[in-house]
Peer 1: 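Below is a structure I'd like to ask you about.
Keep in mind that the numbers below use all heavy atoms, side chains included, and drop hydrogens, waters and symmetry copies. Residue numbers start from 1 in every chain, and the chains themselves are labelled A, B, ... in the order their sequence lines are given, proteins ahead of strands.
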Protein chains: 2
Amino acid sequence: MAVTLHDVARVAGVSIKTVSNVINDYPHIRPATKSRVEDAIAELGYQPNLTARSLRSGRTGAIALAVPDLSLPYFAELAGAVIAAAEAAGIVVLVEQTGGDPRRELELLRSPRLTMTDGLIFSPLGIEQSDAAALRVSYPLVLLGERVFDPGHDHVSMHNVEAARAATEFLIASGRRRIAVVGAHEGEIIGSAGFRLQGYREALDAAGLDYDPTIIGYTAPWHRSGGAQAMRDILEGGSPFDAVFGLNDTLALGAMRVLQETGIRVPSDVSVIGFDDLDEAEYSIPSLTTVDPGRRWIADTAVATLLRRINADDPDALPAPSLLLAEYRIAVRESAPARL
Amino acid sequence: MAVTLHDVARVAGVSIKTVSNVINDYPHIRPATKSRVEDAIAELGYQPNLTARSLRSGRTGAIALAVPDLSLPYFAELAGAVIAAAEAAGIVVLVEQTGGDPRRELELLRSPRLTMTDGLIFSPLGIEQSDAAALRVSYPLVLLGERVFDPGHDHVSMHNVEAARAATEFLIASGRRRIAVVGAHEGEIIGSAGFRLQGYREALDAAGLDYDPTIIGYTAPWHRSGGAQAMRDILEGGSPFDAVFGLNDTLALGAMRVLQETGIRVPSDVSVIGFDDLDEAEYSIPSLTTVDPGRRWIADTAVATLLRRINADDPDALPAPSLLLAEYRIAVRESAPARL
DNA sequence: ATGAAAGCGCTAACAT
DNA sequence: ATGTTAGCGCTTTCAT
């Protein structure tokens, strides 16, 4: 069926080893032999069978990336950045969607599917501290997102607490005092929502402002509709506020829409800040001030770190698993100007 | 290193064939033998090596998906839908980004990488009619997007002309007469921009309205910023208009932002309609009326069609390559109400 | 109902 | 500088 090394070897009048040498740029080949082989390859349209190569070499040249859902813009942009970084390194990416479901996340970690890849970049959402044992796997693994697990893994994440604190301080510095939050998770300590809320409280404390639970809006799914609903809850509560901190951009965008519906003007009545710096933050009406958490750096670093583990000759000779945190910055746009 | 069939066979006291039979649910196995093997599998934590299975069976259980860029929301949502459809069929998806660059698209079609997959779902953007020969590949291939090539391939697409005509007719029926277009491509006949513009012109013709080139905005990249720029061009031209047809949602969203900046109100002054029905169309301010082109159906159908080719015992016994077109509908929201 | 043996296409070890 | 051989882990004949 397909052209194999043997076919090329026969046509070129050499052994398959020589053909293999040519393909793999082995240095000591007579130019005449080399060109004869290359001609045969071109003539037959030979392409190496990567499955066979993988079986023999133990390397597939592919990695897996597991994210909750590509329809969430943050993860779509993250996946795009990971694929681009992997391609630059000559490897391909198998993308899995877990839906943030802990059962599917655990299943994925033990899936035989992973034998088709050299390692996994995993952005968990549903699994918990008690599932940490499931992360002790035999293949190279890099975790993304919140560090809710014991050490022992390379982990690439962002400065959630500090960045959220900086976002809140930015609003305070611009003159706001009653800052509502959209997207909190009831009782969560560890996790994006918990960390960002903590940063928010630290900023309030430092400024001597009181924490007012009546302007904290809760929603589990971080969609726009969740942000809209949480914003409505706060409005119905009746407590005044002069700014909104959306714990991510889609929440902020959903909240902004509800404000607009209600006749509240952004930013003249209420400032709005988000978190993620999605592409669309630049084009919303008004454009969204937000925290750029360093997504591109996260993707590049995750791939580089995974490849370092994969390529390690002696796995134990490698540096200990590390927590790598991206730099953040505040992207100032219209929804929350630096001064009112 | 890893546990193999041989290890399981040794522990269970059977041959590897029997273990293989158990794994593959071969019916004629003595229950006692079967449970002995299953115990050994559990005890050793055996997992089949899918690379070896692929080499022997000729099937990888993976397909490739090539799209321009996951940071474009349409393709992110499409990719998510394809991965979900594939997962339901028990296969995984290797995602490639071409950037819409014809060179990379052509390269991809001949990439040895594809030997790691059973087939390809390809959404081309850059290659042209003259590259049609490159599409005559030896592996199963399903094309997505505009049918700019000769037949001979399964192709899953949308009713571009009709849907664009319907969108335009919707605006006309609502009372609009001067409908600007944002996102046209200079001189393009075949392609999303060309087809949708054609549908627009057909609707104008049918309604007895003149086509006015001064309210057609051109932009090659279908980003929000492109939509914004094309909208500005039209405004600078000074010709009046009472509606905007964005040839996709991001263009429409970018245009809407410029209208708002200029003090033009949507929809009271100008109606805006898009095309794609992205998740975000529902949450923009105002929410965006748009054409739902049947993305979910497209993803399901592309996967099902590709799998049919892959699973064909006799490739020639299959139905001829077909052009499959999704049903469309207009999602009516605030930016263009049915009646003003 | 189970086993023995071959071989998918390649790379690695060892020859020469 | 090139050839020979073995074998990665599995499925698939072919036996029994």
Side-chain angles (χ1 to χ4, degrees), chain A residues 1-38 40-41 44-62 112-118 138-139 311 313, chain B residues 1-38 40-41 44-62 112-118 138-139 311 313:
Chain A
M1 195 76 180
V3 181
T4 75
L5 275 187
H6 287 93
D7 301 321
V8 176
R10 192 170 352 94
V11 169
V14 297
S15 78
I16 61 164
K17 178 62 201 330
T18 301
V19 180
S20 176
N21 281 342
V22 171
I23 290 166
N24 296 296
D25 286 326
Y26 180 74
H28 309 297
I29 314 170
R30 269 216 320 261
T33 313
K34 183 167 176 174
S35 69
R36 203 142 37 92
V37 171
E38 281 166 346
I41 287 174
L44 297 173
Y46 168 76
Q47 287 202 325
N49 179 321
L50 297 193
T51 299
R53 181 180 285 176
S54 296
L55 178 58
R56 176 65 238 215
S57 68
R59 287 289 184 74
T60 65
R113 292 279 171 60
L114 294 173
T115 62
M116 290 176 61
T117 66
D118 297 332
S138 55
Y139 47 82
N311 294 327
D313 297 320
Chain B
M1 195 78 177
V3 180
T4 76
L5 275 187
H6 287 92
D7 301 321
V8 176
R10 193 169 352 94
V11 169
V14 298
S15 77
I16 62 164
K17 176 63 200 330
T18 302
V19 180
S20 177
N21 281 342
V22 171
I23 290 166
N24 296 296
D25 287 324
Y26 179 74
H28 309 296
I29 315 171
R30 268 214 320 262
T33 313
K34 181 167 179 176
S35 68
R36 205 142 36 90
V37 170
E38 282 166 345
I41 288 174
L44 297 173
Y46 169 76
Q47 286 201 324
N49 179 320
L50 297 194
T51 299
R53 181 179 285 175
S54 296
L55 177 58
R56 177 66 242 222
S57 69
R59 287 288 184 73
T60 65
R113 293 277 175 60
L114 294 172
T115 61
M116 289 176 60
T117 66
D118 297 331
S138 56
Y139 48 83
N311 294 327
D313 297 321

Peer 1: Can you check nucleotides 3-6 of chain D for protein contacts, nitrogen or oxygen pairs under 3.5 Å, and list what you find?
Peer 2:
residue	atom	partner	partner atom	Å
dG3(D)	OP2	S15(A)	N	2.7
dG3(D)	OP2	S15(A)	OG	3.0
dG3(D)	OP2	T18(A)	OG1	2.5

Peer 1: Is any side-chain heavy atom of I29(B) closer than 4.5 Å to a side-chain heavy atom of V22(B)?
Peer 2: yes
Peer 1: Quick one: bend of the helix from dA1(C)-dT16(D) to dT16(C)-dA1(D) from 5 pairs per end, to 10°?
Peer 2: 40°
Peer 1: Please list all pairs meeting side-chain hydrogen bond (donor to acceptor under 3.5 Å, both in side chains) that have one or both residues in residues 52-62 of chain B, counting only residues at least two apart or in different chains.
Peer 2: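 For residues 52-62 of chain B: R59(B)-N311(B), T60(B)-D118(B).
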Peer 1: Would you give the length of the straight line joining atom CD of E38(B) to atom OH of Y46(B), rounded to the nearest 0.5 angstrom?
Peer 2: 13.5 Å
Peer 1: Taking only side-chain N and O atoms of S20(A), does any of them lie within less than 4.0 angstrom of OP1 or OP2 on dT11(C)?
Peer 2: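 Result: yes.
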Peer 1: Measure CG/N24(B) against C1'/dT2(C) and give the value in whole Å, please.
Peer 2: 15 Å
Peer 1: Just how far, in rounded Å, is C1' of dG9(D) from CZ of R59(B)?
Peer 2: 19 Å
Peer 1: Round to the nearest Å and state the distance from I23(B) atom CD1 to dG9(D) atom C1'.
Peer 2: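 For the pair I23(B) CD1 and dG9(D) C1', the rounded distance is 11 Å.
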Peer 1: Which ones in residues 29-38 of chain B lie close to DNA chain C, meaning a heavy atom under 4.0 Å from one of its atoms?
Peer 2: I29(B), R30(B), T33(B)
Peer 1: CG of L55(A) versus C1' of dA12(C): gap in Å, rounded?
Peer 2: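 Answer to the nearest Å: 13 Å.
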Peer 1: How would you list, by chain and number, every residue that makes a side chain to side chain contact (heavy atoms under 4.5 Å, CB included) with V11(B), sequence neighbours excluded?
Peer 2: A40(B), E43(B), L44(B)
Peer 1: Considering residues at least two apart in sequence or located in another chain, which fulfil the side-chain hydrogen bond (donor to acceptor under 3.5 Å, both in side chains) criterion with D25(A)?
Peer 2: none
Peer 1: Nearest whole Å is fine: how far is dT11(C) P from H6(A) NE2?
Peer 2: 12 Å
Peer 1: Does any N or O in the side chain of T115(A) come within less than 3.5 Å of the main-chain N or O of L50(B), such that one atom is a donor and the other an acceptor?
Peer 2: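 Yes; at least one donor-acceptor contact below 3.5 Å.
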Peer 1: Measure the CG-CZ distance between L5(A) and R10(A) for me, rounded to the nearest 0.5 Å.
Peer 2: 11.5 Å
Peer 1: Rounded to the Å, how far apart are R10(A) CZ and dG9(C) P?
Peer 2: 12 Å
Peer 1: Taking the side chain as every heavy atom from C-beta outward, state whether V14(B) and V19(B) have any atom pair closer than 4.5 Å.
Peer 2: yes
Peer 1: What distance do I16(A) atom CD1 and N21(A) atom CG have between them, rounded to the nearest 0.5 Å?
Peer 2: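 Reported value, rounded in 0.5 Å steps: 10.5 Å.
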Peer 1: Nearest whole Å is fine: how far is dG7(D) P from N49(B) CG?
Peer 2: 18 Å
Peer 1: Specify the separation, in whole Å, of atom CG of L44(B) and atom P of dG9(D).
Peer 2: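 Those two atoms, CG and P, are 14 Å apart.
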Peer 1: I need the I23(B) CD1 to T18(B) OG1 distance, nearest 0.5 Å.
Peer 2: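 It comes to 11.0 Å.
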